[in-house]
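These notes concern the structure reproduced below.
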Amino acid sequence: MSELVKIVDSLENKISKLLHKLEVQQQANEKLEKELVTIKMDHDVTRRSITEWQEKYNSLKLANSMLGSDTNKTEAKLKINTLIRELDYCIAQLAE
């Protein structure tokens, strides 16, 4: 009978240790999930910032080309033509 009690005690001890490990792992998992959310938000902010800087850079390139820079005159003309086509399209849509 005492052998059975020892086995039961051993099982209880092992189950207790496993439950503790489970709790520790769940806490670690929650911490990692919070960290992941924070990193994703930082990534989104960085991505938006990159997009804004790219738009500013393109605007600056266009402005420089309009100021008479020979290297970007063709690019400026193409951009202006694209903008004119877009305006024509919008006017045609409004006319309908």
Side-chain angles (χ1 to χ4, degrees):
M1 189 72 158
S2 70
E3 187 71 25
L4 186 60
V5 171
K6 288 180 184 179
I7 292 172
V8 170
D9 286 343
S10 174
L11 284 174
E12 284 179 353
N13 189 22
K14 288 180 181 179
I15 289 172
S16 175
K17 287 180 182 179
L18 284 174
L19 288 174
H20 178 71
K21 284 183 180 181
L22 176 65
E23 185 177 327
V24 168
Q25 291 299 321
Q26 286 174 337
Q27 289 173 352
N29 190 29
E30 288 175 8
K31 180 182 173 187
L32 289 172
E33 285 177 350
K34 288 178 184 177
E35 187 177 332
L36 178 63
V37 167
T38 302
I39 290 171
K40 282 183 178 180
M41 286 191 294
D42 288 345
H43 182 261
D44 288 342
V45 168
T46 303
R47 184 175 278 185
R48 275 186 250 127
S49 176
I50 288 171
T51 302
E52 288 175 15
W53 281 108
Q54 286 174 336
E55 290 173 1
K56 288 178 183 180
Y57 173 72
N58 289 335
S59 296
L60 183 59
K61 271 180 30 181
L62 182 61
N64 283 336
S65 66
M66 289 181 178
L67 289 174
S69 171
D70 290 336
T71 58
N72 294 326
K73 279 188 179 180
T74 306
E75 187 177 328
K77 288 178 184 179
L78 292 173
K79 182 67 175 178
I80 290 170
N81 287 338
T82 302
L83 291 172
I84 290 171
R85 272 188 250 115
E86 288 178 9
L87 284 171
D88 286 343
Y89 177 76
C90 290
I91 291 170
Q93 292 294 319
L94 291 172
E96 291 179 2

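Every heavy atom of this structure was used, including side-chain atoms; hydrogens, water molecules and symmetry mates were not. Just so it is clear, the model here is predicted, and its values are computed rather than measured.
The NZ atom of K21 sits 11.5 Å away from atom CG of L19, with the distance rounded to the nearest 0.5 Å.
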Considering only distance and modelled atom types, tabulate donor-acceptor pairs under 3.5 Å from the side chains of residues 38-48, sequence neighbours left out.
residue : atom : partner : partner atom : Å
T38     : OG1  : K34     : O            : 3.0
T46     : OG1  : D42     : O            : 2.8

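By the side chain to side chain contact (heavy atoms under 4.5 Å, CB included) test, L78 pairs with T74, sequence neighbours left out. Q25 is linked by a side-chain hydrogen bond (donor to acceptor under 3.5 Å, both in side chains) to nothing, counting only residues two or more places apart in sequence or in another chain. Qualifying side chain to side chain contact (heavy atoms under 4.5 Å, CB included) partners for E12, counting only residues two or more places apart in sequence or in other chains: V8, D9.
Between the side chain of S10 and the main chain of K6, no donor-acceptor pair closer than 3.5 Å is present.
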Item to complete: List the steps, then state whether side-chain contact (heavy atoms from CB on, under 4.5 Å) holds for N58 with E55.
Response: CA-CA 5 Å; N58 289 335; E55 290 173 1; 5.8 Å; no

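For residues 80-92, the pairs satisfying side chain to side chain donor-acceptor pair (under 3.5 Å) are Y89-Q93, with sequence neighbours left out.
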